[in-house]
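A quick write-up on the structure given underneath.
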Amino acid sequence: MKDPTPAPDEGFGRARLEDVAREASVSKATVDRVLHARKGVRPATVQRVVKAAARLQYLPEENLHRVIRPRPMALSFVLPAGTNQFIRMLGDHVEIVEKQLEPFNVRCRRVAIEGFDAEVLAARLLRQGRQCDGIAFVALEHPRVREAVDTLVAEGVHVLTLLSDLPGSRRAAYVGIDNRAAGRTAGYLLGRMLGRESGKVGLIAGSLSYRGHEEREVGFLQVLAEQFPRLQVVGLREGQDDAQQNYLQTRTLLRQHTDLVALYNIGGASDGIGRALKEAQLEHKVVFVGHEITPDTRAMLIDGTLDAVINQNPQTEVMNCVRIFANLRAGRDALAGVDPVRAGIAVRENLP
C-alpha cells in the first residue's frame with residue numbers, strides 16, 4: 001500500500017509544503033519538523049502548522065491525528081542485575097507501569113546491568129540515555145558515572161537517581177527514602193530490641209560505592225554512639241547485594257565473633273544472612289534488622305529470623321519517576337505534585 005504521507009513538497013491535495021508554511025507564517029523547515037514529529041518546535045507552533053495543513057488539505061485526516069499526538073515519552077530504568085529481590089520487584093513495577101501508561105503515550109523500559117561496575121554503568125547510561133527522553137538509575141559514586149550524567153543532561157536527556165543519590169551531578173532529582181534517617185531508624189530499633197544487653201553488632205552492606213548504603217551506615221553508627229554505647233560494631237563487610245555472598249560473609253562474622261548479639265543488613269539479599277543464622281541455630285538469638293519487604297524478608301519476619309525491616313514502596317518510586325519526567329517534559333518544576341518517598345517500619349505483627 002502506498003504511504004499516504006506526501007513527499008516534502010507534495011501535498012495530499014493541490015497544496016504544497018510552501019503553501020502550508022505561508023498559511024502558518026513559518027518556514028518550510030518548521031513545517032517539515034512538525035509533520036515528521038521532530039523535536040524543537042513549540043506546541044503553539046505545532047498547532048498552527050497542523051491547522052494550516054488541515055485547511056489546505058495537505059495531509060489525510062489520519063496523518064493529522066498522528067502529528068497532533070505527541071511523540072511517546074520514552075523512559076529507561078537502569079537497574080542492577082543479581083539476586084536482590086527488591087530490585088527485581090522494582091523492575092517488575094516498571095513493566096506493570098509500561099502497560100498502564102501506554103494509553104497515555106509513555107513507554108517504559110527496564111535495563112539490567114552488572115551491579116557494581118562504574119565503567120559499565122557509565123557506558124550503559126550514555127548508550128541508553130541517547131535512545132530515550134529520560135533515564136532513572138541506581139547511582140554508583142564514581143567520577144565516570146557523574147560525567148556520564150552531566151553529558152546526558154547537556155544533550156537534553158532528563159536524568160534521575162533512584163534509591164541512591166549522586167550529589168554534585170546535574171541529575172534533575174533523587175527518588176528514594178532518606179537513607180541516613182533509615183540507618184538511624186535501624187540503629188534505634190536494634191538498640192531498643194537488645195534492651196540492656198551489651199555485645200557486638202555486625203554490619204553487612206551491598207557496596208559502599210552506593211552513597212545510599214554509606215549514608216545508612218553513617219546514620220546507624222551515629223545512633224549507636226549517641227544512645228547505645230554498650231554495643232560494639234565489628235567488621236563491616238560488603239556482600240554485593242548477593243544472597244550467596246551475604247551467606248558467606250555472615251558465616252565468617254559468626255565464626256570470628258561468637259559473642260555477636262545483632263546484625264544489620266544495610267543492603268539487600270537478606271535471605272543469605274538468614275540462611276547462615278539458621279545453620280548456626282542463632283535465628284532466634286541474634287537480633288537481625290534489614291531493609292525492604294520482599295518474599296524472602298516476609299518469610300523471615302514471620303518465622304522470627306528477621307526482627308524488623310525499614311521498608312520503601314517500589315511502586316511509589318517508579319510512579320514518582322514517571323511524574324517527575326512528565327513535569328520536566330512539560331517545563332514544570334521537577335517535583336511539582338510529587339510526594340516524597342516515606343520509609344516505613346515492618347515487623348511480624350504489622351505485615352501488610
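Bear in mind that the values here come from a model prediction, so they are computed numbers and not experimental data.
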Would you say [X] has more than 12 foreign heavy atoms packed within less than 6.0 Å of its [atom1]?
X    : atom1 : answer
K200 : NZ    : yes
R144 : CZ    : no
Q315 : CD    : no
R55  : CZ    : yes
Q281 : CD    : no

Between [X] and [Y], is there a side-chain N and carboxylate O pair less than 4.0 Å apart?
X    : Y    : answer
E114 : R124 : no
E283 : K278 : no
R48  : E23  : no

Start with the C-alpha gap between F77 and L90, add the side-chain angles, then the distance that decides, and say whether side chain to side chain contact (heavy atoms under 4.5 Å, CB included) holds.
CA-CA 9 Å; F77 289 77; L90 197 67; over 6 Å; no
Hey, what do you get for [atom1] ([X]) to [atom2] ([Y]), rounding to the nearest 0.5 Å?
X    : Y    : atom1 : atom2 : answer
E214 : S209 : CD    : OG    : 9.5 Å
R323 : T316 : CZ    : OG1   : 7.5 Å
S270 : D296 : OG    : CG    : 6.5 Å
K28  : R16  : NZ    : CZ    : 7.5 Å
T297 : Q85  : OG1   : CD    : 7.5 Å
N105 : M73  : CG    : CE    : 9.0 Å

Is there a path of hydrophobic side-chain contacts, each under 4.5 Å between heavy atoms of I/L/V/M/F/W/Y residues, joining [Y] to [X]?
X    : Y    : answer
L190 : I177 : no
L194 : I310 : no
I324 : L166 : yes
L221 : M193 : yes
I345 : V223 : no

Which of I266, V138, N179 passes side chain to side chain contact (heavy atoms under 4.5 Å, CB included) with Y210? Answer is V138
Which of these passes side chain to side chain contact (heavy atoms under 4.5 Å, CB included) with F137: L79, V149, L160, V111?
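Exactly one pass, corresponding to V149.
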Please determine whether side chain to side chain contact (heavy atoms under 4.5 Å, CB included) holds for the pair L189 and V287, giving the CA-CA distance in whole Å, both sets of side-chain angles, and the decisive distance to 0.1 Å.
CA-CA 10 Å; L189 287 172; V287 171; over 6 Å; no
Could you tell me which non-hydrogen atom of [X] sits nearest to which non-hydrogen atom of [Y], and how far apart they are?
X    : Y    : answer
V46  : V41  : CG2-CG1, 3.8 Å
A334 : V338 : O-CG2, 4.1 Å
A21  : V31  : CA-CG2, 3.6 Å
R184 : G219 : CG-O, 3.2 Å
A186 : V289 : CB-CG1, 4.0 Å
G212 : S164 : N-OG, 2.8 Å

Do [X] and [Y] come close enough that some side-chain heavy atom pair is under 4.5 Å?
X    : Y    : answer
V218 : E215 : no
R170 : V159 : no
R109 : Q128 : yes
L236 : L208 : yes
D150 : S169 : yes
H213 : E238 : no
Q100 : H93  : no
F220 : L203 : yes

side-chain hydrogen bond (donor to acceptor under 3.5 Å, both in side chains) partner of Y264, the single match among H291, R216, E217
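The side-chain hydrogen bond (donor to acceptor under 3.5 Å, both in side chains) with Y264 is passed solely by H291 among H291, R216, E217.
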Check: [Y] main-chain N/O paired with [X] side-chain donor or acceptor under 3.5 Å:
X    : Y    : result
T83  : A243 : yes
N246 : G268 : yes
D133 : A74  : yes
Y174 : L163 : yes
N311 : G344 : no
Q312 : E292 : no
R298 : P352 : yes
E98  : C108 : yes
H158 : A136 : no

T151 and R130: CA distance, side-chain angles, deciding distance, side chain to side chain contact (heavy atoms under 4.5 Å, CB included) verdict
CA-CA 10 Å; T151 297; R130 287 164 176 157; 3.7 Å; yes
Hydrophobic cluster mates of L260, side-chain heavy atoms under 4.5 angstrom, ILVMFWY only, any path?
I204, V234, L253, L254, L263, I273, L277, L282, V286, F288, I293, M300, L301, I302, L306, V309, L351
Partners meeting side chain to side chain donor-acceptor pair (under 3.5 Å) with R22 (sequence neighbours left out):
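Partners of R22 by the side chain to side chain donor-acceptor pair (under 3.5 Å) criterion, ordered by chain and then number, come out as D19.
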Verify salt bridge (charged side-chain N to carboxylate O under 4.0 Å, His left out) between R211 and D165, making sure each step is shown before the conclusion.
CA-CA 6 Å; R211 177 176 284 265; D165 200 7; over 6 Å; no
In terms of side-chain heavy atoms, does R251 have a donor or acceptor partner in Y247 at a distance below 3.5 Å?
yes
Output, in order, the C-alpha distance, side-chain angles, deciding distance and verdict of side chain to side chain contact (heavy atoms under 4.5 Å, CB included) for N327 and L335.
CA-CA 7 Å; N327 283 340; L335 298 177; over 6 Å; no
